[in-house]
Engineer: 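Below you'll find the structure I mean.
Naming convention: chains lettered A, B, ... in sequence-line order (proteins, then strands); numbering from 1 in each chain. Side chains are part of it too, since the values below use all heavy atoms of this structure and drop only hydrogens, waters and symmetry mates.
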2 protein chains.
Amino acid sequence: MTASLPSPEERLRAAGQRVTAQRVLLLRLLDESKEHLDAEGLYERARREMPDINLSTVYRNLAVLKEAGLVEQRYFAREHGREYFEPSTSAEHYHFTCLSCGRVVEFETPLIARVRAELQARHGVRVRHACICFEGICADCAARGQTVPPSKEIIPHDPPSHV
Amino acid sequence: MTASLPSPEERLRAAGQRVTAQRVLLLRLLDESKEHLDAEGLYERARREMPDINLSTVYRNLAVLKEAGLVEQRYFAREHGREYFEPSTSAEHYHFTCLSCGRVVEFETPLIARVRAELQARHGVRVRHACICFEGICADCAARGQTVPPSKEIIPHDPPSHV
DNA sequence: AGCTTTTTGCAAATGATTTGCAAAAAGCTA
DNA sequence: TAGCTTTTTGCAAATCATTTGCAAAAAGCT
Ligand SMILES: [Mn+2]
Ligand SMILES: [Mn+2]
Ligand SMILES: [Zn+2]
Ligand SMILES: [Zn+2]
């Protein structure tokens with residue numbers, strides 16, 4: 001059975017943040033989508049339920065939620081300069097993005113933890129967090145002969161890109 | 001003895017790019033600094049020798065050099081949204097940046113290559129390149145009690161930050 | 001309900017990077 | 001080296017994601 005995850009309200013309170021309708025909505029939308037959304041994407045979905053919500057409110061709250069540890073920020077290939085988010089509820093994982101179609105593949109590995117340990121041991125630093133992102137060509141795109149990233153354009157194909 | 005690295009001119013020709021004074025200069029400045037510079041930083045140094053060089057020329061050439069594989073782009077903690085570069089002449093390495101003082105620590109490890117191999121084997125993707133960057137508190141900052149990153153501000157200390 | 005603090009919507013500002021364009025330079029070729 | 005073609009440059013204006021100032025509205029007390 002799915003361990004029921006605390007509600008947005010509960011998580012906000014637990015994190016000592018004010019509970020506003022906007023924050024609850026944004027947190028719920030992030031939970032639901034179980035995807036990586038950027039401010040614009042979240043805003044689009046949010047306004048379907050709260051037509052007057054403002055884009056800057058989305059930005060401000062993403063910052064608050066991130067600071068509070070309720071969401072995590074990601075950066076993807078060719079989308080650097082665009083900040084994506086996902087709820088901090090899943091297990092530690094890393095990302096691969098396809099340069100051709102934009103698809104995001106999530107994966108786990110114990111090796112990154114070892115890199116951190118090595119880094120801390122060898123350089124005396126305290127690692128707070130890692131920003132890991134691989135890029136290349138996904139299996140589907142390789143199958144259809146996409147070897148070289150077609151310029152700057154990401155062209156999603158049928159199973160549409162789920163960035 | 002230091003294996004003499006091909007001159008900027010030679011590297012440009014080898015990469016099939018036109019040899020312009022601007023490109024030669026930028027490449028040389030990157031070599032010399034052996035550091036991570038962004039467009040603005042490079043521009044600053046470049047105009048000391050070529051006062052009329054334009055910032056957009058720097059941007060354009062960084063894109064060209066990157067495309068040609070002569071420089072590599074990096075992203076650092078809290079500086080996402082700002083693109084840094086270094087010559088593609090050094091061995092594969094990764095980065096750690098201090099959230100407190102901005103210092104960049106470079107390190108090597110064979111583990112990342114293993115992560116790539118795992119990723120390719122398990123998901124059938126073809127990894128083109130990895131963007132790896134750890135962040136936390138450097139040894140010096142830890143020694144002086146910096147445990148929590150002081151808000152958004154990066155405050156370099158004596159051995160000045162060499163971002 | 002009353003009071004204080006935080007958050008919101010809106011509009012305008014930022015800041016890094018990009019782009020259109022005409023003049024200048026680079027790379028041929030003869 | 002001169003002539004011709006293609007690429008690059010400097011400059012100004014444009015983009016685009018993200019941020020900020022501000023007055024009104026909502027949240028969290030008491
Ligand atoms: Mn993820
Ligand atoms: Mn480096
Ligand atoms: Zn793909
Ligand atoms: Zn430090």
Engineer: Quick one: sort the Phe76(B) and Tyr84(B) rings into parallel, tilted or perpendicular, breaks at 30° and 60°.
Structural biologist: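 Tilted: the ring planes of Phe76(B) and Tyr84(B) meet at 30° to 60°.
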
Engineer: Counting the atoms with a prime plus P, OP1 and OP2 as sugar-phosphate, which does Val19(B) contact under 4.0 Å by heavy atoms, base, sugar-phosphate, or nothing?
Structural biologist: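 It contacts sugar-phosphate atoms only.
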
Engineer: Identify the nucleotide, in any strand shown, that forms a Watson-Crick or G-U wobble pair with dA23(C), with both distances under 3.5 Å; if there is none, say none.
Structural biologist: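 Across all strands, the one nucleotide that pairs with dA23(C) is dT8(D).
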
Engineer: For dA26(D), take OP1 and OP2 only and decide whether either is under 4.0 Å from a side-chain N or O of Gln22(A).
Structural biologist: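 False: Gln22(A) side-chain N/O out of range (4.0 Å or more) of dA26(D) OP1/OP2.
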
Engineer: Expressed in angstrom and rounded to an integer, what is the separation of Glu9(B) atom CD from dA25(C) atom P?
Structural biologist: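 Taking atom P of dA25(C) as the reference, CD of Glu9(B) is at 18 Å.
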
Engineer: Taking only N and O in the side chain of Ser56(B), is any of them less than 4.0 Å away from OP1 or OP2 of dG10(D)?
Structural biologist: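 So the side-chain polar atoms of Ser56(B) never come under 4.0 Å of the phosphate oxygens OP1 or OP2 of dG10(D).
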
Engineer: With both distances kept under 3.5 Å, what pairs with dA30(C), Watson-Crick or G-U wobble?
Structural biologist: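 Here dA30(C) is engaged in a pair, and the nucleotide opposite it is dT1(D).
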
Engineer: Could you check which of dT8(D), dT9(D), dC10(C) has an atom nearest any side-chain atom of Arg18(B)?
Structural biologist: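 My answer, after comparing the listed nucleotides, is dT8(D).
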
Engineer: How long is the gap from CD on Gln120(A) to CD1 on Ile137(B), to the nearest 0.5 Å?
Structural biologist: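 Interatomic distance, Gln120(A) CD to Ile137(B) CD1, rounded to 0.5 Å: 11.5 Å.
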
Engineer: When both hydrogen-bonding distances must be under 3.5 Å and the geometry is Watson-Crick or G-U wobble, what is dA17(D) paired with, if anything?
Structural biologist: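 Paired with dT14(C).
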
Engineer: Under 4.0 Å, counting only non-hydrogen atoms across every strand here, what does Asp52(B) touch: a base, just sugar-phosphate, or nothing?
Structural biologist: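 Here Asp52(B) touches the backbone only, sparing every base.
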
Engineer: Let me know the distance between CG of Leu55(A) and C1' of dA11(C), rounded to the nearest Å.
Structural biologist: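 Rounded to the whole Å, the gap is 13 Å.
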
Engineer: Across the strands shown, which category fits Glu83(A) at heavy-atom distances under 4.0 angstrom: base, sugar-phosphate, nothing?
Structural biologist: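 It contacts sugar-phosphate atoms only.
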
Engineer: Given atom CZ of Arg82(A) and atom C1' of dT15(D), what is their separation to the nearest angstrom?
Structural biologist: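 Between C1' of dT15(D) and CZ of Arg82(A): 12 Å.
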
Engineer: Using a heavy-atom cut-off of 4.0 Å across all strands, would you classify Asn61(B) as base, sugar-phosphate, or nothing?
Structural biologist: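 Here Asn61(B) touches the backbone only, sparing every base.
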
Engineer: Gln17(B) has an atom CD; how far is it from atom C1' of dT6(D), in whole Å?
Structural biologist: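 Atom CD in Gln17(B) sits about 14 Å away from atom C1' in dT6(D).
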
Engineer: To the nearest 0.5 Å, tell me how far Leu27(A) CG sits from Leu62(A) CG.
Structural biologist: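 Result: 10.0 Å between the selected atoms.
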
Engineer: For dT8(D), does either OP1 or OP2 sit under 4.0 Å from a side-chain N or O belonging to Asn54(B)?
Structural biologist: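 Checking Asn54(B) against dT8(D): no side-chain N or O falls below 4.0 Å of OP1 or OP2.
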
Engineer: With a 4.0 Å limit, can you tell me whether Tyr59(B) has a side-chain N or O closer than that to the phosphate oxygens OP1/OP2 of dT17(C)?
Structural biologist: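 So the side chain of Tyr59(B) is within the cut-off, an N or O lying under 4.0 Å from OP1 or OP2 of dT17(C).
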
Engineer: If you assign each of Thr57(B) and Glu40(A) to its closest nucleotide in DNA chain D, which residue comes earlier from the 5' end?
Structural biologist: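 The residue closer to the strand's 5' end, by nearest nucleotide, is Thr57(B).
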
Engineer: Checking contacts here: which listed nucleotide (dC22(D), dG20(C), dA17(D)) is nearest the side-chain heavy atoms of Arg60(B)?
Structural biologist: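 So the nucleotide nearest the side chain must be dG20(C).
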
Engineer: Under the 3.5 Å rule, do the base of dG27(C) and the side chain of Arg13(B) count as making a donor-acceptor pair?
Structural biologist: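 Check fails, no donor-acceptor contact within cut-off.
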
Engineer: Report the relative orientation of the aromatic rings in Phe107(B) and Tyr94(B); use parallel for angles under 30°, tilted for 30 to 60°, perpendicular for over 60°.
Structural biologist: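 If you compare the ring of Phe107(B) with that of Tyr94(B), the planes turn out tilted.
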
Engineer: Is Glu49(A) reaching over with its side chain to a backbone N or O of Ala46(A), donor-acceptor style, under 3.5 angstrom?
Structural biologist: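 No.
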
Engineer: Please report, rounded to the nearest Å, how far the P atom of dA25(C) is from the CE atom of Met50(B).
Structural biologist: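 Met50(B) atom CE is separated from dA25(C) atom P by 11 Å.
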
Engineer: Between Thr20(B) and dA25(C), is there a side-chain N or O to OP1/OP2 distance below 4.0 Å?
Structural biologist: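 The answer is no; no side-chain N or O of Thr20(B) sits under 4.0 Å from OP1 or OP2.
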
